[in-house]
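Notes to accompany the following structure.
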Amino acid sequence: MKIIHLTRTLLVLALTVGASSATLAQATLLNVSYDPTRELYQDFNAAFAKYWKDQSGETVTIQQSHGGSGKQARSVIDGLEADVVTLALAYDIDAIAEKGKLIPQDWQKRLPNNSSPYTSTIVFLVRKGNPKGIKDWDDLVKPGVSVVTPNPKTSGGARWNYLAAWGYALKKPDGDEAKAREFVGRLYKNVPVLDSGARGSTTTFVERGIGDVLIAWENEAYLARKELGPDQFEIVTPSLSILAEPPVTVVDRVVDKKGARKVAEAYLEYLYSPEGQNIAGKNFYRPRDPQIAAQYAGRFAKVTLFTIDEVFGGWQKAQKTHFDDGGVYDQIAVQH
Amino acid sequence: MGAAVATPWTARARRFEENVATREPAWVKGVLITIALAFFGLFLLLPLMTVFAEAFRKGWQVYFAALVEPDALSAIALTLLVAAIAVPLNLVFGVAAAWAIAKFDFRGKQLLTTLIDLPFSVSPVIAGLMFVLLFGMQGWFGPWLMAHDVKIIFAVPGLVLATIFVTFPFVARELIPLMEAQGREEEEAAIVLGASGWQTFWRVTLPNVKWGLLYGVILCNARAMGEFGAVSVVSGHIRGRTNTLPLQVEILYNEYNFAAAFAVASLLALLALLTLVIKSLVEWRGRQPLNAGEESQGVPA
C-alpha cells in the first residue's frame, strides 16, 4: 500500500510541475535546430530574451531541440511544434514546406541573404602535427588515410561535405562529372564510420580517436578545438570549398495558431542585428554583415568558395541527383 | 540475515561437497570461479565503475551542479512522471492478463500469451516509430488530433505511450508461470466456501503472488526509467521539456560536457543498483515463509 501512496505523491508532484510550466507557456518559443548550433543559440537566446524584455516588457523563454538536420525536419513534419526552424540547409526547410505544408514555398525570400543570417564552410580537422600531411582534398582520397564524415542521408553537414568534395574535383583543370564521381567514390572508400549527425562524427573523431581527418563544418572544427584543447588538433583549410548557407524561417502554421508570430519574427530578425551577428562570429560562424565580418576576418583562413547554385543548380537539383534513393551517393555506396 | 537461516541452496551445496561422487577437483572449481569472476569484473563491474569514476573526475561540486541544473532536474521529474504513469497501468494490465491466462480457459488464450511478448521482440525504435505513424501529423490520427489541439507525440503522452509499450510484458511475464504453477485449487475452494470473485482475488490470488508481482513491478520500473530507443523517437528532444534522463545523458555527452553526462548517467546506474538491492530483498523475503513459517511484520523497502 505504501507503493500506492508513493506513486500518488509522485503524480501530484509531477502534475504541479506540469501545470506550472503550462502557465509560462505563453511566452515560449521552440527553436528546432541542427547539431552544431547548440553553443551559438545558447548565447543568442540569452541575448534575445534580454533584448525582447527591454523592447516589449514580455519575458520570453526559448526552448531548443538539436539533432541531425534531416531528422529534425522530419520531426517538424510529423508534428513537433517548432515556432522557428534553423536548419543546416535549404532543402530540409523545403521539405517542411512541401511535405508538411507548414510554411509557404517561397519561404527563402522572406529574409535577406537567402534567409541565411550566417554562413560557414567545410574544413578539415586533423590530429596535432598533421601526421598524414593533409593539405587539400586530394590528400583525403589517398590509400591509408582514414576519413570521418557523417551520413549524407541523415545529416545536413554531411551533404555539404560531399558537395564540397564533388565541387573541388569538378573544378580541377581536367575535371568533369565522371572524374568527380570517381573522386568522391574513392573518398567514401576511406570512411570507416558514418554517424547520423555532425556532432556524432566529431565525438567519433575527437573522443573515440577514430580516423586521421574529420571533414567538418568550420564552426564545428573551431569549437571542437576550443573545447577539447588546441594542443591536440589542427585545422586545415582546403584550397577550395563550398559556401554553406544554413537558413532560418518562422513556421507559419505553428506561430499563427499560438499567436507568437511577432516574437518569432523578431527572434529571427535579431540574428541579423549587429548583436546577433557578433554572437554568430564569436561562435565561429561567418557573419553576413560586412562590418562585423571584418572584425572576425582574422579568425578564418582565406578560402575560395563556390556556391551550390553555381555548381549544382540549387538544393532541389543537388538533392535529386545525389542524395535521393538510387541517386549518385547510393550508387557510390553500393560499389564499396 | 540470510546467513542465519540455512536456505535450501546452501544445504544442497553442502551435500554435494560431502559426497565423493559429486565432488569436483579443487582446480576445476577454482578455474570456473576465476573465469566467472573475471568475466563479471571485465564486462559488468569495470564499465559501471568507469561511469562513477568519470562522474566524479572533476569533484563533488561539479557532480552536484550537474544534477541540480534546471534541464537535469526537469529530466528527473519527467522520468519519474513517465514511470509513475506507465508502471501502475502495466501493473493493472499485467495482473488482469496473468489472471485471465492462468486461471481461465478461453478461445485465443494462446494468441494472447504470444502477443504479450511482442514488445520484447520488437525493436524499441520500431515501437517509437509506430506511434509517430499513428499520431504524427502525417499519421492516421494526426490531422484529427491537430484539429482538436491534442498533443501526443513530441509531448509527455507520447513518452508515456512508448514507455508503456516497451515495459508491457514485465509484470504479466512474471506472474503467468507463477499463477499457472499454483493452479486453481485454492480459488475453487474459496468459491465453494462462498467467496465472491472479488473476495477470491483479494484474499487468495493476490497474497499468493504478491512477491512475484512486486518483482515484476521493480523490473518494469527499472526499464521504464532507463528506456532510450523508443522515447528517443517520440521525444522531439526539447531541452527541459521532453528529455528523459537517458536522453539528457546523450545530449550532455554530445555537448562535450562529459562530467555532467556521466553524473546524470551515474544517477541511472544508481537506480539500477537500487533496483537490484530491492529485488534481492524481495527474493529473500519471498523465500522466507518456507523456513520461517508465517509472513508477518513489515514490508521490505
Side-chain angles (χ1 to χ4, degrees), chain A residues 1-4 6-18 21 25 28 30-33 35-36 38-39 41-42 45 61-67 71-72 74-82 99-102 195 197-200 202-203 206-207 223-224 226-228 253 257-258, chain B residues 71 73-74 76-89 91 129 131-133 135-139 142-143 145-146 149-156 158 213-214 217-218 221 232-243 250-258 298-301:
Chain A
M1 293 308 101
K2 263 183 192 164
I3 291 176
I4 294 176
L6 186 66
T7 44
R8 195 184 296 153
T9 330
L10 282 179
L11 204 65
V12 170
L13 184 83
L15 286 177
T16 1
V17 171
S21 66
T28 57
L30 173 59
N31 177 0
V32 171
S33 194
D35 245 345
R38 297 158 201 261
E39 294 75 13
Y41 282 109
Q42 210 174 349
N45 290 348
T61 319
I62 298 129
Q63 293 171 323
Q64 286 290 143
S65 168
H66 295 277
K71 194 184 106 199
Q72 294 291 76
R74 185 71 243 176
S75 292
V76 172
I77 293 168
D78 280 331
L80 180 58
E81 294 199 316
K99 299 202 181 83
K101 310 237 179 302
L102 301 175
D195 286 287
R199 192 48 70 85
T202 312
T203 39
V206 299
E207 271 296 301
L223 181 78
K226 185 180 131 202
E227 291 279 325
L228 301 149
R253 279 265 294 270
K257 200 174 104 188
K258 271 174 60 177
Chain B
D71 284 354
L73 279 182
S74 83
I76 294 171
L78 182 63
T79 305
L80 291 177
L81 171 69
V82 168
I85 301 174
V87 174
L89 283 177
L91 170 77
L129 271 179
F131 290 110
V132 173
L133 291 177
F135 303 115
M137 214 150 70
Q138 315 298 315
L145 291 171
M146 177 85 178
D149 211 16
V150 180
K151 274 205 256 180
I152 303 233
I153 59 164
F154 309 122
V156 176
L213 184 64
L214 196 53
V217 166
I218 291 165
N221 183 54
S232 170
V233 177
V234 297
S235 135
H237 305 275
I238 308 168
R239 329 193 79 199
R241 223 172 77 197
T242 61
N243 276 326
E250 191 204 22
I251 285 192
L252 291 169
Y253 186 80
N254 276 341
E255 278 166 15
Y256 309 120
N257 206 341
F258 303 115
V299 184

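The figures that follow rest on heavy atoms only: side chains count, while hydrogens, waters and symmetry mates do not. Chain naming here is simple, since letters A, B, ... match the order of the sequence lines and numbering starts at 1 in each.
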Measure [X] against the heavy atoms of chain B and call it side chain, backbone, both or neither at under 4.5 Å.
{"X": "A:Ser75", "answer": "both"}
{"X": "A:Leu30", "answer": "side chain"}
{"X": "A:Ala82", "answer": "neither"}
{"X": "A:Gln64", "answer": "both"}

Are side-chain heavy atoms of [X] and [Y] found at a separation under 4.5 Å?
{"X": "B:Glu255", "Y": "A:Gln42", "result": "no"}
{"X": "B:Ile251", "Y": "A:His66", "result": "no"}
{"X": "B:Tyr253", "Y": "A:Arg199", "result": "no"}
{"X": "B:Met137", "Y": "A:Leu102", "result": "yes"}
{"X": "A:Arg74", "Y": "B:Val132", "result": "no"}
{"X": "B:Met146", "Y": "A:Arg253", "result": "yes"}

Spacing of B:Asp149 atom CG and A:Lys257 atom NZ [to the nearest 0.5 Å]: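 These two atoms lie 4.5 Å from each other.
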Return the CG to CG distance between A:Asp35 and B:Asn254, rounded to the nearest 0.5 Å. 6.5 Å
Heavy atoms only: give me the nearest [X]-[Y] pair and the separation to one decimal.
{"X": "B:Gly236", "Y": "A:Ser65", "answer": "O-OG, 2.6 Å"}
{"X": "B:Tyr256", "Y": "A:Ala224", "answer": "OH-CB, 3.9 Å"}
{"X": "A:Asp78", "Y": "B:Gln138", "answer": "OD1-CG, 3.9 Å"}

Should we count NZ of A:Lys226 as having more than 12 external heavy atoms under 6.0 Å? no
Highest number of heavy-atom pairs under 4.5 Å with chain B among A:Arg38, A:Glu39, A:Lys99 belongs to A:Arg38
Among A:Ile77, A:Thr202, A:Val32, the residue with the most heavy-atom pairs under 4.5 Å to chain B is A:Ile77
Okay, B:Ile152 and chain A: the region with an atom under 4.5 Å from a heavy atom over there is neither
